[in-house]
Protein chains: 2
Amino acid sequence: MNRSRNLKTTRVRSRGRPVDEDARLVRRNRILAAARASFAAEGFHATSTATIARAAKLSVANLYQYFPSKDDLVLALVQQDLQADIALVVELGRQGPFPRAVESVLHGVLEERGKDEDGFRLRLEILAEATRNVAVRRALASAEAQVIQLLADQVGEAQSRGEVGREESPETIARLLYLLADGAASTADATTSDGRRSIEAVARLIARVLGPGK
Amino acid sequence: MNRSRNLKTTRVRSRGRPVDEDARLVRRNRILAAARASFAAEGFHATSTATIARAAKLSVANLYQYFPSKDDLVLALVQQDLQADIALVVELGRQGPFPRAVESVLHGVLEERGKDEDGFRLRLEILAEATRNVAVRRALASAEAQVIQLLADQVGEAQSRGEVGREESPETIARLLYLLADGAASTADATTSDGRRSIEAVARLIARVLGPGK
DNA sequence: GTCTATAGGGGGATAGAC
DNA sequence: GTCTATCCCCCTATAGAC
């Protein structure tokens with residue numbers, strides 16, 4: 001739609017014509033959403049471009065007008081997902097005064113596993129892919145560093161407010177939270193009620209020992 | 001080698017002829033070793049049977065005499081690897097009196113990541129595969145339950161010896177250790193010296209808070 | 001901009017010779 | 001028991017019509 005038919009010139013560059021950028025973005029996001037569901041269901045390598053195109057309701061050739069290769073599509077999705085992870089951690093860390101925020105983080109991770117199963121499958125897929133794909137590895141390492149830094153900042157502020165003991169550095173505590181969240185996100189039986197109960201117990205234990213000096 | 005040429009009958013069953021079972025086992029293990037390296041390098045789905053056969057120095061058709069399908073080969077490897085994980089955790093938990101054994105577990109996991117990189121890549125691959133392959137999922141859930149149970153037993157004994165406080169149940173503490181180990185095994189920057197240092201600090205923190213009553 | 005059709009290359013698995 | 005040769009399907013990516 002909105003085709004200009006009086007301009008049949010082959011190249012129309014650098015004179016910022018509209019070109020329906022909005023429609024392009026909408027379609028791009030539709031592809032990403034389809035790719036997300038497909039990759040989560042079958043993994044990056046077992047998912048064909050045809051499957052994604054079908055889910056996004058366009059042709060394979062058209063898909064290649066939006067992403068130059070399957071690898072580029074994978075990377076775009078990885079970056080989008082890592083950003084969501086960062087946002088989740090930050091959001092969770094803000095819930096309540098700090099030692100209890102630890103419980104919020106772990107509890108929130110478990111909640112998310114129920115609500116956004118695709119997100120957690122994708123996360124495992126990204127961890128595995130990072131061991132062999134350089135671009136994915138870089139994106140993951142960067143996101144990881146950001147999350148730990150953000151957590152450390154939150155812990156530092158909580159220490160200033162006297163909500164968390166000063167026996168350990170903010171970095172160490174942040175790392176501890178990250179390891180626990182990582183574990184809770186990967187553990188197979190976090191989908192069973194027994195598994196979730198145990199993880200919540202761990203969260204309470206950690207919150208208790210992190211409290212202000214005894 | 002050792003071919004019997006006077007028995008050209010098609011089926012030689014149930015009259016337990018030698019049939020060189022030993023050679024068969026050797027070859028089977030050579031295939032598993034080749035598959036392990038190949039799967040770790042490229043992942044289950046991106047690795048072709050031709051790649052594995054080449055690495056094991058036999059033909060694809062011959063490989064199919066040992067494993068009826070690629071899926072069966074994957075599953076055999078998964079089970080072998082999960083057994084190794086269990087053995088590792090048990091071994092690590094035995095090193096030293098308990099609160100310090102926590103440090104041994106995390107330290108040992110980091111050591112292993114350096115020594116057996118293939119093992120850790122495979123572990124991520126297994127976690128991802130478990131989300132879509134029922135047989136792999138079952139094997140993983142079973143191994144996970146075993147590891148947590150073994151850890152809980154060790155913690156319980158340590159509590160009897162007064163090495164660990166009784167404020168928390170053995171199961172909760174075991175789960176905590178499992179989550180940390182899981183996190184340490186997945187975390188991308190556990191391969192950097194900064195990352196390792198932080199994780200060791202976490203281990204010390206946990207060992208300290210688990211010590212016998214204050 | 002979007003499509004259909006197809007190129008060009010591997011993939012898993014097996015038949016049949018030796 | 002092991003191999004070579006091959007079947008048949010599906011993959012990523014592109015050419016060219018509309």
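This one's a predicted model, so the numbers in the text were calculated from it and none came from an experiment. The sequence lines fix the lettering, A, B, ..., with proteins before strands; numbering per chain opens at 1. Reckoned from all heavy atoms, side chains included, excluding hydrogens, waters and symmetry mates.
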[X] has an atom [atom1]; how far is it from atom [atom2] of [N], in whole Å?
X	N	atom1	atom2	answer
B:R30	D:dT2	CZ	C1'	12 Å
A:L25	C:dG1	CG	C1'	16 Å
A:I52	D:dT12	CD1	P	8 Å
B:R54	D:dT4	CZ	P	13 Å
A:H45	C:dG10	NE2	C1'	15 Å
B:K70	D:dC9	NZ	P	19 Å

Quickly, which of B:V90, B:V89, B:I173, B:V105 forms a side-chain contact (heavy atoms from CB on, under 4.5 Å) with B:Q154? Name it, please.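 Exactly one pass, corresponding to B:V90.
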Is there a donor-acceptor pair under 3.5 Å between the side chain of B:R113 and the backbone N or O of B:A184?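 Confirmed, B:R113 side chain pairs with B:A184 backbone.
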From [options], pick the nucleotide closest to the side chain of [X]?
X	options	value
B:S59	C:dT4, D:dA13, D:dC3	D:dC3
B:A61	D:dC3, C:dA13, C:dC3	D:dC3
B:Y64	C:dC3, C:dG12, D:dT2	C:dG12
A:N62	D:dC3, C:dG11, C:dC3	C:dC3

Does a side-chain N or O of A:S48 approach OP1 or OP2 of D:dC10 to a distance below 4.0 Å, or not?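 No, outside the criterion.
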Taking OP1 and OP2 of C:dT2, is either one under 4.0 Å from a side-chain nitrogen or oxygen of A:R27?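 Yes, because at least one side-chain N or O of A:R27 sits under 4.0 Å from OP1 or OP2 of C:dT2.
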Using a heavy-atom cut-off of under 4.0 Å over every strand shown, decide if B:T47 touches base, sugar-phosphate, or nothing.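 Counting heavy atoms under 4.0 Å across all strands, the contact made by B:T47 is with sugar-phosphate only.
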Assuming nearest nucleotide by heavy-atom distance, tell me which of B:Y66 and A:V60 is located more 5' along DNA chain D.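 This one resolves to B:Y66.
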Testing the 3.5 Å rule here: is there a donor-acceptor pair between the side chains of A:E129 and A:H45?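 A:E129 vs A:H45: donor-acceptor pair found between side chains.
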If we count only N and O atoms by modelled type, under 3.5 Å, do the side chains of B:D72 and B:S69 hold a donor and an acceptor together?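 Yes, side-chain donor-acceptor contact under 3.5 Å.
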